[in-house]
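Following: one structure in structure tokens, then a few remarks.
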Amino acid sequence: MTVIEDQNRMLIQMVKEFTANELAPLDMEIDQKGDYPAGLFQRVIDNGLLKITLPSQYGGAGFDYTAAADALNKMAIGNASMAVTLEGHFKTIEQFTKYGQPSLNDKYLPSAGHRIFAFSMTEPSGGSNPKGISTRAVKQGDNWVITGDKIMITNGGLAEVYCILSKTEDDQMAVFVVDKDMPGFQFGKREDFIGCEGRQLVKWFLIMLWYRQIIY
């Protein structure tokens with residue numbers, strides 16, 4: 001067995017134990033209440049689960065996505081909601097590591113071990129065609145003014161950092177990094193779905209949001 005194989009085996013074992021001890025016993029409660037019980041998400045953080053795919057230079061475990069997918073598959077057996085929450089977090093980290101400006105990576109990725117990230121593309125008009133989005137970013141001086149709204153955002157409301165797909169021209173798009181505490185950022189209603197009730201999907205709005213941090 002190689003070192004990587006042994007590390008992957010330990011990851012799977014850790015996730016299975018965490019799921020059996022912390023998630024599976026709460027699965028019905030999570031589904032009925034549509035939320036995570038108090039303290040559960042902190043235990044996710046304390047056990048390093050947000051760091052599974054986070055590169056080591058930012059304090060993460062640096063597992064590849066095959067290992068992460070295997071781990072989430074095991075987790076979903078006990079509680080699919082948390083598995084979906086982590087999947088949304090991991091795919092947003094990947095946007096940073098693949099395309100992010102170094103300055104933004106250095107600023108945000110060290111916090112990805114204790115703050116949830118989310119990627120925001122889908123809008124009321126649909127989500128399968130990115131060219132159809134209407135959220136618009138307009139350059140004003142050194143800043144960008146972003147207006148629009150997004151829906152069905154995995155981890156919306158739970159996440160603290162959002163990557164937002166926006167048009168900068170009719171035929172050009174960019175992704176901006178937005179912190180939930182920025183002025184102009186507002187949450188709307190939480191979406192109601194059948195299954196995976198613990199995961200949070202909400203509608204939110206960008207109203208004259210001034211920003212200058214563009215990821216790609």
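Position 1 is the first residue of the sequence; numbering continues from there. Quick caveat: nothing in here was measured; it's all calculated off a predicted structure.
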Problem - Same cluster (ILVMFWY, side-chain, under 4.5 Å), F41 and V15 - result: yes
Q95 side-chain N/O to T92 backbone N/O, donor-acceptor pair under 3.5 Å = no
Review point. Under 4.5 Å between any side-chain heavy atoms of L165 and S120, yes or no?
Key: no
Distance col, row K74:NZ vs D70:CG, nearest 0.5 angstrom, shows 3.5 Å
pair D31-S81: side-chain heavy atoms closer than 4.5 Å = no
Practice problem: Measure the shortest side-chain to side-chain distance between M121 and I164 over non-hydrogen atoms and say whether it is less than 4.5 angstrom. | Solution: no
d(E87 CD, N73 CG) to nearest 0.5 Å is 12.5 Å
Contacts satisfying ring pair (Phe, Tyr, Trp, His ring centres under 6.0 Å) that involve residues 66-92 (not counting sequence neighbours) are H89-F117
ask   = Side chain of N21, backbone of E17: donor and acceptor closer than 3.5 Å?
value = yes
d(M14 CE, T19 OG1) to nearest 0.5 Å is 9.0 Å
Pairing donors with acceptors under 3.5 angstrom, does anything connect the side chains of Y36 and T85? yes
Treating N155 as the side-chain partner and L158 as the backbone partner, does any N or O pair qualify as donor plus acceptor under 3.5 Å? no
What verdict does the side chain to side chain contact (heavy atoms under 4.5 Å, CB included) test give for L49 and I45, after you've listed the backbone C-alpha separation in whole Å, the side-chain angles of each residue and the deciding distance to 0.1 Å? CA-CA 6 Å; L49 296 178; I45 294 172; over 6 Å; no
Self-check item: Note, I133 side chain near M173 side chain (heavy atom, < 4.5 Å)
Solution: yes
Taken to the nearest 0.5 Å, the spacing of M82 CE from L26 CG works out to 9.0 Å
Across all chains, not counting sequence neighbours, the side chain to side chain donor-acceptor pair (under 3.5 Å) partners of Q42 are D46
Notebook entry, point to check: Between the side chain of E123 and the main-chain N/O of T135, is any donor-acceptor distance below 3.5 Å?
Noted result: yes
Check this for me: does any side-chain nitrogen of one of D170 and R136 sit under 4.0 Å from a carboxylate oxygen of the other? yes
Output for pair (Q57 CD, D106 CG), nearest 0.5 Å, gives 9.0 Å
A112 and L50 have their tightest heavy-atom pair at O-CB, 3.5 Å
- Are any of the side-chain nitrogens in R43 or E22 under 4.0 Å away from the carboxylate oxygens of its partner? yes
Less than 4.5 Å apart, side chain to side chain, heavy atoms only: is that true for I30 and P37? yes
Exercise. Any side-chain heavy atom of T168 sitting closer than 4.5 Å to one from F176?
Worked result: yes
| task | Report yes if the side chains of N105 and Y58 come closer than 4.5 Å at any heavy-atom pair, otherwise no. | result | yes
Please determine whether a side-chain nitrogen of the Lys or Arg among R115 and D179 lies less than 4.0 Å from a carboxylate oxygen of the Asp or Glu.
yes
